[in-house]
Amino acid sequence: MKMGRRTAAFLAGVLTVSMLLSCSGPGEKRYEASFLELFDTASVVVGYAKSEDDFTKYSQKVYDELKVYNELFDIYNDYDGINNIKTINDNAGIKPVKVDKKIIDLLSFSEEMYEKTDGKVNVAFGAVLSLWHDHREAGLNNPGRATLPDYEELKKQNEHTNIEDMIIDKNASTVYLQDGSMSLDVGAIAKGYAVEQVSRFIQKEGMKNGMISVGGNVRTFGEKYDEKGKRVPWTVGIQNPDTSSDRKSLYDLHLSGYSLVTSGVYERYYVVDGKHYHHIIDPETLMPAKYFLSISIVCKDSGMADALSTAVFNMPYEEGSKMVEGLKGVEALWVFPDSTMKYSSGFEKWCGL
Amino acid sequence: MIKKNDLILAGTVLIVALAAVLFITFTKKEGAEVVVTVDGEVYKTMPLDKDATLTLGDKQGNYNVVEVKGGEVTMTEANCRDQICVNHKAIHYNHESIVCLPHKVTVEIRDGEEGDIDIMAN
């Protein structure tokens with residue numbers, strides 16, 4: 001007996017859609033679409049719709065919206081007729097840049113997160129991060145000659161990371177970096193923020209039950225139907241930072257309307273003299289943060305989950321724990337370098353422990 | 001001499017056996033497939049229950065080697081710079097995937113056995 005499913009449809013050239021008959025709700029079926037072009041990572045859209053055509057319309061809208069955010073929040077590439085974050089960086093110390101409200105909102109949100117996390121997630125940290133980025137890229141392309149950034153140079157760059165030098169003029173819709181040597185890097189916040197905005201958008205468009213993941217930054221909304229057609233929350237796994245382990249997921253969380261974001265040492269890294277150097281840089285040491293293998297954050301807002309996962313990664317456990325317990329509706333999982341784990345006081349309710 | 005009870009026993013055994021066969025037939029997950037895409041387009045679809053090795057590209061340029069073995073799929077080899085796909089554990093549950101971002105290659109299970117999770121946060 002074939003529990004059939006069809007594959008079809010290419011959207012925007014490169015969007016694969018598939019459907020699963022076995023988990024259907026009343027009049028709606030479950031579909032999934034994925035694409036690789038945005039935010040330099042893999043994205044997945046899962047949702048229920050009346051027909052494949054309906055779902056394709058939704059997933060196309062998700063793709064198009066994410067693409068808008070991707071281009072606006074890009075710090076490496078220029079796009080015709082668009083002022084993006086790279087444009088702001090290119091004009092540091094020169095002039096204010098008029099930008100889309102989406103950028104103003106992202107950067108205002110980033111300021112809030114900077115305040116909330118005592119500076120442990122800082123979009124004005126670009127001068128330091130770009131130095132690491134260049135060394136990592138060179139090292140990945142030529143592993144035999146991989147090098148670390150010079151510490152003195154990192155310290156020099158760190159003098160140009162003051163978020164107060166980012167001047168946002170909401171009325172004029174401009175952003176000006178008044179330190180000519182500074183730059184913005186929204187890598188710790190932009191994906192989650194975009195996923196949050198697009199999830200809200202697609203629900204308004206009519207897709208009530210679904211999930212959007214951009215690079216494992218997961219936002220759920222509504223519920224799914226189990227095999228008996230009963231509505232249940234989505235099950236989201238937390239990647240085991242030990243990718244060689246048979247236990248792929250550390251915990252399975254049951255989420256409806258919540259986000260789960262994990263930051264870990266295992267995804268973006270390069271190797272220098274046999275040692276791994278990952279991409280989350282501690283603003284205190286200017287080196288890859290050493291406290292944990294991974295941090296997972298559960299909360300409603302995916303942008304907040306993204307920002308907090310980086311911030312908590314950059315704090316000793318006690319400090320992070322105090323911060324998380326002080327934030328309403330936020331839970332966290334810490335995985336220590338020896339693979340032991342701790343979780344916040346309300347974490348258990350999400351995994352039915 | 002066949003007694004009545006023997007017949008009942010034989011009948012019971014037969015019914016149980018038949019039920020078992022029916023149960024296995026109807027619950028067995030058939031037709032699980034491995035879908036390999038390159039640049040977003042389906043490159044090849046293979047059955048999950050048949051061992052096979054698929055080489056994409058060639059060693060002069062970019063290449064990935066996909067291996068189906070014992071009902072599981074792995075990326076056994078690739079010359080991509082981050083090796084994330086090669087380090088990925090074997091997959092076999094429905095919707096599980098291995099992605100090689102540098103080479104724009106994905107390997108995904110379709111129509112497979114349902115796992116516990118809908119998606120992984122990573």
Side-chain angles (χ1 to χ4, degrees), chain A residues 1-5 7 10 12-16 18 20 22-23 32 34-37 40-42 44 46 139-143 211 213 215-218 220 224 227 234-241 243-246 248-249 252-253 259-262 264 266-270 294 296 298 305, chain B residues 22-43 45 47 72 74 79-122:
Chain A
M1 187 172 86
K2 183 149 168 71
M3 307 277 277
R5 186 154 47 108
T7 65
F10 293 100
V14 263
L15 180 61
T16 330
S18 62
L20 182 69
S22 56
C23 295
E32 181 164 334
S34 55
F35 36 88
L36 296 182
E37 297 76 43
D40 192 26
T41 189
V44 182
V46 180
L140 283 167
N141 288 329
N142 195 345
M211 286 189 289
S213 164
N217 192 313
V218 180
T220 66
K224 66 166 177 173
E227 278 153 21
W234 299 96
T235 304
V236 187
I238 294 180
Q239 167 82 49
N240 188 342
T243 49
S244 67
S245 166
D246 284 328
K248 284 182 188 169
S249 169
D252 297 344
L253 275 55
S259 302
L260 175 58
V261 177
T262 298
Y266 49 86
E267 286 270 80
R268 284 184 197 200
Y269 65 86
Y270 74 123
S294 81
S296 298
V298 190
Chain B
L22 283 176
F23 181 77
I24 288 164
T25 312
F26 280 100
T27 54
K28 192 179 164 196
K29 194 74 193 170
E30 268 179 35
E33 288 177 333
V34 183
V35 181
V36 180
T37 72
V38 181
D39 277 331
E41 310 239 355
V42 175
Y43 177 86
T45 304
E72 291 191 328
T74 43
N79 61 348
C80 61
R81 58 181 210 165
D82 60 17
Q83 295 288 296
I84 284 173
C85 60
V86 177
N87 292 330
H88 200 289
K89 289 295 284 184
I91 56 171
H92 74 282
Y93 286 125
N94 204 19
H95 285 304
E96 277 193 305
S97 63
I98 299 176
V99 176
C100 179
L101 261 183
H103 294 171
K104 301 278 179 210
V105 172
T106 73
V107 181
E108 196 192 329
I109 307 291
R110 299 258 174 91
D111 297 334
E113 184 193 342
E114 286 299 326
D116 292 333
I117 66 169
D118 294 304
I119 205 161
M120 188 76 90
N122 56 22

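This one's a predicted model, so the numbers in the text were calculated from it and none came from an experiment. Here is how names work: the chains are called A, B, and so on, in the same order as the sequence lines, proteins then strands, and each is numbered from 1. Quick note: numbers below take in every heavy atom, side chains included, and nothing from hydrogens, waters or symmetry partners.
Under a 3.5 Å cut-off, the side chain of A:Asp252 and the backbone N or O of B:Ile117 do not form any donor-acceptor pair.
Rounding to the nearest 0.5 Å places CG of A:Asn240 at 8.5 Å from CE of B:Met120. The distance from the CZ atom of A:Phe35 to the OG1 atom of B:Thr37 is 13.0 Å, given to the nearest 0.5 Å. Rounding to the nearest 0.5 Å gives a distance of 5.5 Å between CD of A:Glu32 and CD of B:Glu108. Atom OG of residue A:Ser296 and atom CG of residue B:Asn122 lie 9.5 Å apart, to the nearest 0.5 angstrom. A distance of 8.5 Å separates CG of A:Leu36 from CG of B:Asp39, quoted to the nearest 0.5 Å. With rounding to the nearest 0.5 Å, the separation of NZ in B:Lys89 from OG in A:Ser245 is 7.0 Å.
By number of non-hydrogen pairs under 4.5 angstrom with chain B, the leading residue of A:Leu253, A:Val46, A:Val218 is A:Val218. Of the residues considered (A:Asn141, A:Thr220, A:Val44), A:Asn141 shows the highest number of contacts with chain B, using heavy-atom pairs under 4.5 Å. Between chain B and the options A:Val261, A:Thr41, A:Asn217, the largest number of non-hydrogen pairs under 4.5 Å is found for A:Thr41.
At a 4.5 Å heavy-atom cutoff, the contact between A:Ser249 and chain B is made by backbone and side-chain atoms alike. The contact between A:Tyr269 and chain B is made entirely by side chain atoms (from C-beta outward), counting heavy-atom distances below 4.5 Å. Residue B:Ser97: no heavy atom, backbone or side chain, is found under 4.5 Å from chain A.
Here the closest non-hydrogen pair linking A:Ala42 and B:Leu101 is N-CD2, 4.3 Å. Summarising the geometry of B:Ile119 relative to A:Ser213, their closest heavy-atom pair is CD1-CB, 3.5 Å, with the distance given to 0.1 Å. The shortest heavy-atom contact between A:Leu140 and B:Arg81 is O-CB, 3.5 Å.
Between B:Glu96 and A:Lys248, at least one side-chain nitrogen of the basic residue sits less than 4.0 Å from a carboxylate oxygen of the acidic one, meeting the salt-bridge criterion.
Side chains of B:His88 and A:Thr243 form no contact here, defined as non-hydrogen atoms less than 4.5 Å apart.
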